[in-house]
Amino acid sequence: MASLRITRFITNLLNSSSFPKSQNPFPRTLFSLHPFTSHAANDPHSQSLNIDLSNEESKRRLFNRLLYRSKQRGFLELDLVLGKWVEDNIRSLDENRIRALVHVLDLENPDLWNWISGQEQPPESISTNPVFTAVREGVMKNLESHSAPETRATPGQPWVRGWDDIKKFRGGPITGNQ
């Protein structure tokens, strides 16, 4: 994340009016290696994502980048959840859904995990994102089918309570905390 922030800072500096374009020693393509920048409201380039679905080679490159970003987040739970969802659905996404996916991939890991897992309520802009909604529905469906209700945390509360949650008191979960 730090390298992405540095790249954005340098790109914004080079594109600002205080740095004359004629004296720019770095070509724009040097800082355009990562085609997906943040969708943050203060990012002027967020609305101009170059999503080219016109030929098979550009689609392949785009899909591979998105798949890599979804599977290599550095947060194992999200790597598994997002990676699997993107792998299963990337071929069926249109341009608007791809933009929604990029928006989800730009979110910070702890916040995204808390929102997807139902530990916290997401902001309105995230909860209306169709990709976020589909991923969250998949997580909740898996949770419903693979874990007993008595082993789950209350919605809106953190999941992890401790590694030794084996039934130690009357009324406690039989095993696990999920």
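Not measured: the values here are computed from a predicted model.
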For this session: Evaluate the side-chain proximity of Leu82 to Lys71: yes if any heavy-atom separation is below 4.5 Å, no if none is.
Result: no
Take Leu62 and Ile90 through the test side-chain contact (heavy atoms from CB on, under 4.5 Å) and record every step on the way to the result. CA-CA 10 Å; Leu62 176 67; Ile90 189 73; over 6 Å; no
Residue pair Thr128, Thr133: steps toward the side-chain contact (heavy atoms from CB on, under 4.5 Å) verdict
CA-CA 7 Å; Thr128 59; Thr133 304; over 6 Å; no
Interatomic distance, CZ@Arg60 vs CG@Asn55, rounded to 0.5 Å, equals 10.5 Å
task: Say whether, by atom type as modelled, one donor and one acceptor occur between the side chain of Asn129 and the main chain of Ala100 under 3.5 angstrom.
output: yes
Output for pair (Leu107 CG, Trp115 CH2), nearest 0.5 Å, gives 5.5 Å
Distance col, row Asn109:CG vs Asp79:CG, nearest 0.5 angstrom, shows 7.5 Å
Parallel, tilted or perpendicular: which one describes the rings of Phe75 and Trp113, with boundaries at 30° and 60°? tilted
query: Tell me, do Val131 and Trp85 make a side-chain contact under 4.5 Å, heavy atoms counted?
result: yes
Heavy-atom nearest pair, Gly118 first then Met140, reads N-CE, 3.6 Å
dist Asp111:CG -> Glu120:CD (nearest 0.5 Å) comes out at 7.0 Å
Rounding to 0.5 Å, atoms CD (Glu87) and CZ (Phe63) come to a distance of 13.5 Å
**Prompt:** Would a 4.5 Å heavy-atom cut-off, applied to side chains only, mark Ile98 and Glu95 as touching?
**Reply:** no
Which of Val104, Val86, Val102 passes side-chain contact (heavy atoms from CB on, under 4.5 Å) with Arg69? It is Val102
Beyond-backbone contact of Val139 with Asn142, side-chain heavy atoms, under 4.5 angstrom
no
dist Ser117:OG -> Leu143:CG (nearest 0.5 Å) comes out at 9.0 Å
Are Leu80 and Leu76 packed together at the side-chain level, in the sense that at least one heavy-atom pair is separated by less than 4.5 angstrom? yes
Would you say Glu124 and Ser127 make side-chain contact, with heavy atoms under 4.5 Å? yes
### Task
Given salt bridge (Lys or Arg N to Asp or Glu O under 4.0 Å), test Glu144 with Lys141 step by step and report yes or no.
CA-CA 5 Å; Glu144 292 294 325; Lys141 186 172 81 174; over 6 Å; no
Hey, are the side chains of Ser54 and Lys59 touching, using non-hydrogen atoms and a 4.5 Å cut-off? no
Is there side-chain contact between Leu112 and Arg73, with heavy atoms separated by less than 4.5 Å? yes
